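See below for the structure under consideration.
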Amino acid sequence: MNYDYIVAGAGLGGLSFVNHLLRSGLPFERLLIIDKDAKDSNDRTWSFWSKETPDYQCATQQIWDHLGFASDDYIQYDSILPYRYYTINGIDFYKEIMQLIRDDARISLLETSVKNIADKGDLVEVETDLGNYTAIKVIDSINRPSLRTADAISVAQSFLGWVIETENPTFDPAKPLLMDFRLEQKEACCFGYVLPYSTNEALVEYTQFTSNWTIDQSYFRTQLQQYIQTIWSVDRYTIKHEEIGQIPMTNYEFDEQPSKNVYRVGTAGGDTKPTTGYTFTNVQDHVKRILGQGESTNKTSDLRFDFYDTLLLQIIAQHPTKVKPIMEYLFKNQPMPRVLSFLDEDTNPLEEMMIFGQLPWMPFLNSLTKKLRHDLLF
């Protein structure tokens, strides 16, 4: 029951660590992966943009070099080169990494729940429903704080997505729609998302940025149905797959290394971008740093982008209907590659001045004033 590594959680964070460990060639004798689920269902979809070809074969099934943005009076699709947009179905990711695991006699799988992780100094003890196990290092993608009670700005990105098949050609398979604001903005920021697989098949999502952490599934299904019928003029279609979930968007300072021998990855390790919810690329960079293949084992946060994230999170939390005009200005007045670079925290101060110079300032100024007042008081 003693291992070099125990990976707690066989999701994106845990399996990405295993993938990069095997690719690194670093020596180890025994590794244990613990998860309560068998990972045999298509439970989620990860999409992301990147200048580099991903390290996963399942990411190369469909690749886009254009992205679109839509609002009330216009819709535009722009080239994103040198970026490309990728998508990975959860089940394809699980199958690819699980095959590597089954081919390596050093790796074991245990299907049970993790109850506690305790760093004892020389070893880490992992308590499960089937007994206790120890390892030199533990990669934890399970434990995370309750963000609703934490002293931080925390909102939810709630979404419902359907993979639909239409009777007639409806979509342009070369043009995903990243954000579609042709929706009524009530008490939340809401938009559509369309990932076309062919002229007759696409993943279509209804998404909300909101402080409400409860998903009204009936309401979301009604909104998604109306979006498909009204915006895409489709009345007859077949729902082939459904996914529903929430992604935390927060400026909470996650502890990515809570003790000497325990590392947290994924959302638990602060790898989710606070203002977009994108996680996949950050996880890959993080596990490489843990393995000594990056700049450091600790994530180096840029204070500029932390500040930008906090401002936008305050607007989402307090004035969610103000998000739409901000996004309109951003995507309409900036080249798409620059927008993606900004969201990737890869722009320089001059580029950021060019971006903010085109944005409606009042929501940001109000948010800035409230933040400064809070900082002075506390």
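None of these values were measured; they are calculated from a predicted model.
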Task: R106 and its side-chain contact (heavy atoms from CB on, under 4.5 Å) partner, picked from L32, L22, D4, L31 - done: L22
Open item on the list: Counting C-beta onward and ignoring hydrogens, is there a side-chain heavy-atom pair between F209 and V155 closer than 4.5 Å?
Closed with: no
Show me the side-chain donor-acceptor pairs of residues 135-142 shorter than 3.5 Å, one per line, residues at least two apart or across chains.
unit_1: K137; atom_1: NZ; unit_2: N261; atom_2: OD1; d: 3.0
unit_1: D140; atom_1: OD1; unit_2: I142; atom_2: N; d: 2.8
unit_1: D140; atom_1: OD1; unit_2: N143; atom_2: N; d: 3.3
unit_1: D140; atom_1: OD1; unit_2: N143; atom_2: ND2; d: 3.4
unit_1: D140; atom_1: OD2; unit_2: N143; atom_2: ND2; d: 2.8
unit_1: S141; atom_1: OG; unit_2: A8; atom_2: O; d: 3.1
unit_1: S141; atom_1: OG; unit_2: G9; atom_2: O; d: 3.4

Open item on the list: Hydrophobic clusters here meaning ILVMFWY residues chained together by side-chain heavy-atom distances under 4.5 Å, can you tell me if F356 and I316 are in one?
Closed with: yes
Open item on the list: Determine whether a donor-acceptor pair (N or O, by modelled atom type, separation under 3.5 Å) exists between the side chain of D65 and the backbone of L81.
Closed with: no
Open item on the list: Would you compute the distance between atom CG of N282 and atom CD of E345 and round it to the nearest 0.5 angstrom?
Closed with: 7.5 Å
Open item on the list: Looking at R264 and D271, is any side-chain nitrogen of the basic one under 4.0 Å from a carboxylate oxygen of the acidic one?
Closed with: no
Open item on the list: Given the ring of F181, does K324 sit roughly above its face, with NZ or CZ under 6.0 Å from the centre of the six-membered ring and within 45° of the axis?
Closed with: no
TODO: Give the intermediate values and the outcome of side-chain contact (heavy atoms from CB on, under 4.5 Å) for residues I34 and I6.
DONE: CA-CA 7 Å; I34 306 174; I6 291 178; 3.8 Å; yes
Open item on the list: With a 3.5 Å distance limit and no angle check, can you tell me whether N348 reaches the backbone of L350 through a side-chain donor-acceptor pair?
Closed with: yes
Open item on the list: Given 3.5 Å as the limit, does a donor-acceptor pair link the side chain of Q62 with the main chain of Y197, or not?
Closed with: yes
- [ ] For Q246 and S158, test the side chains for any donor-to-acceptor distance below 3.5 angstrom and give the result as yes or no.
- [x] yes
TODO: Step by step, work out the salt bridge (Lys or Arg N to Asp or Glu O under 4.0 Å) result for D344 and K273.
DONE: CA-CA 9 Å; D344 259 354; K273 170 70 173 170; over 6 Å; no
- [ ] Would you check if Y94 and S41 make a side-chain contact, meaning some heavy-atom pair closer than 4.5 Å?
- [x] no
Open item on the list: For Q99, I'd like to know if atom CD has over 12 heavy atoms of other residues, nucleotides or ligands within 6.0 Å.
Closed with: yes
TODO: Under the ring pair (Phe, Tyr, Trp, His ring centres under 6.0 Å) rule, collect the residues that match up with Y5, sequence neighbours excluded.
DONE: F17
Task: Over 12 non-hydrogen atoms of neighbours within 6.0 angstrom of CD in E187 - done: no
Task: Residues, nucleotides or ligands: over 12 heavy atoms within 6.0 Å of R102 CZ - done: yes
TODO: Taking the six-membered ring for Trp and the full ring for Phe, Tyr or His, determine whether the centres of F28 and Y3 are under 6.0 Å apart.
DONE: no
Task: ILVMFWY cluster, F331 and I231 together (side-chain gap under 4.5 Å) - done: no
Task: Distance in Å, H20 NE2 paired with I97 CD1, rounded so as to fall on 0.5 Å steps - done: 8.5 Å
Task: Lys/Arg N to Asp/Glu carboxylate O, K288 vs D55, below 4.0 Å - done: yes
Open item on the list: What verdict does the side chain to side chain donor-acceptor pair (under 3.5 Å) test give for D180 and Y227, after you've listed the backbone C-alpha separation in whole Å, the side-chain angles of each residue and the deciding distance to 0.1 Å?
Closed with: CA-CA 10 Å; D180 187 347; Y227 175 66; 2.7 Å; yes
TODO: Would you please test M98 and L109 for side-chain contact (heavy atoms from CB on, under 4.5 Å) and show each step?
DONE: CA-CA 10 Å; M98 286 299 179; L109 289 166; 4.0 Å; yes
Open item on the list: What I want to check is whether the side chains of Q217 and R221 have a donor and an acceptor closer together than 3.5 Å.
Closed with: yes
Open item on the list: Is it the case that the side chain of D37 and the backbone of K39 share a donor-acceptor pair, with hydrogens and angles ignored and the cut-off at 3.5 Å?
Closed with: no
TODO: Would you indicate whether the side-chain heavy atoms of V194 and K175 approach each other to under 4.5 Å?
DONE: no
- [ ] Report yes if some heavy atom in the side chain of I75 is under 4.5 Å from a heavy atom in the side chain of R182; otherwise report no.
- [x] yes
Open item on the list: Is it the case that the side chain of T199 and the backbone of T170 share a donor-acceptor pair, with hydrogens and angles ignored and the cut-off at 3.5 Å?
Closed with: no
- [ ] State plainly whether one hydrophobic cluster holds both V163 and V204, where clusters connect Ile, Leu, Val, Met, Phe, Trp and Tyr through side-chain heavy atoms under 4.5 angstrom apart.
- [x] no
Open item on the list: Is the ring pair F342/F305 parallel, tilted or perpendicular, if the boundaries are 30 and 60 degrees?
Closed with: tilted
- [ ] Would you please indicate yes or no on a ring centroid separation below 6.0 angstrom for Y193 and F191?
- [x] no
Task: From OG1 (T45) to CD1 (I88), nearest 0.5 Å - done: 10.0 Å
Open item on the list: For the OG atom of S113 and the CG atom of D35, what is their distance to the nearest 0.5 Å?
Closed with: 8.5 Å
Task: F280 and its ring-ring contact (aromatic ring centres under 6.0 Å, His included) partner, picked from Y85, Y56, Y86 - done: Y56
- [ ] Carefully, step by step, assess I101 and L15 under the rule side-chain contact (heavy atoms from CB on, under 4.5 Å).
- [x] CA-CA 9 Å; I101 290 168; L15 293 185; 4.0 Å; yes
Open item on the list: I'd like to know if the side chain of S71 reaches the main chain of D73, judged simply by a donor and an acceptor atom lying under 3.5 Å from each other, with no hydrogens or angles considered.
Closed with: no
Task: Euclidean distance, C189 SG relative to Q157 CD, rounded to 0.5 Å - done: 9.5 Å
- [ ] Could you pull out the closest heavy-atom pair between G13 and V287, with the gap in Å?
- [x] O-CG1, 4.1 Å
Open item on the list: Measuring from atom NZ of K332 to atom OH of Y74, what distance do you get when rounded to the nearest 0.5 angstrom?
Closed with: 5.5 Å
Open item on the list: Looking at E253, I'd like to know if its CD atom is crowded, meaning that more than 12 non-hydrogen atoms belonging to other residues, nucleotides or ligands lie closer than 6.0 Å.
Closed with: no
TODO: Kindly indicate whether the side chain of D119, heavy atoms from C-beta on, has any atom under 4.5 Å from the side chain of V262.
DONE: yes
Open item on the list: Does the plane of the ring in W46 sit parallel, tilted or perpendicular to the ring in F93? Use 30° and 60° as the thresholds.
Closed with: perpendicular
TODO: Can you establish whether the number of heavy atoms outside Q226 located under 6.0 Å from its atom CD is more than 12?
DONE: yes
- [ ] State, yes or no, whether a side-chain contact exists between Y83 and S341 at a heavy-atom distance under 4.5 Å.
- [x] yes
Task: Check: E205 side chain, F159 main-chain N or O, donor-acceptor pair, under 3.5 Å - done: no
TODO: Would you check if P274 and M249 make a side-chain contact, meaning some heavy-atom pair closer than 4.5 Å?
DONE: no
- [ ] Verify side-chain contact (heavy atoms from CB on, under 4.5 Å) between I215 and I244, making sure each step is shown before the conclusion.
- [x] CA-CA 9 Å; I215 298 179; I244 187 167; 3.7 Å; yes
Task: Atom CG of D235: over 12 foreign heavy atoms under 6.0 Å - done: yes
TODO: Check the hydrophobic clustering (I, L, V, M, F, W, Y; side-chain heavy atoms under 4.5 Å; chains of links allowed) and say if I164 and L195 are grouped together.
DONE: no
Open item on the list: Between W64 and P173 (side chain of the first, backbone of the second, donor and acceptor by atom type, cut-off under 3.5 Å), is there such a pair?
Closed with: yes
Open item on the list: Within the structure provided, determine whether Q208 and Y219 are in side-chain contact (heavy-atom separation under 4.5 Å).
Closed with: yes
Task: N333 side chain vs Y329 backbone, donor-acceptor pair below 3.5 Å - done: yes
Open item on the list: Please tell me whether I117 and V18 are part of a single hydrophobic cluster in this structure, the criterion being side-chain heavy atoms less than 4.5 Å apart.
Closed with: no
Open item on the list: Could you check whether F220 and Y206 have their ring centres less than 6.0 Å apart?
Closed with: yes
- [ ] Return yes if some donor-acceptor pair links the side-chain N/O of T279 with the main-chain N/O of G277 below 3.5 Å, else return no.
- [x] yes
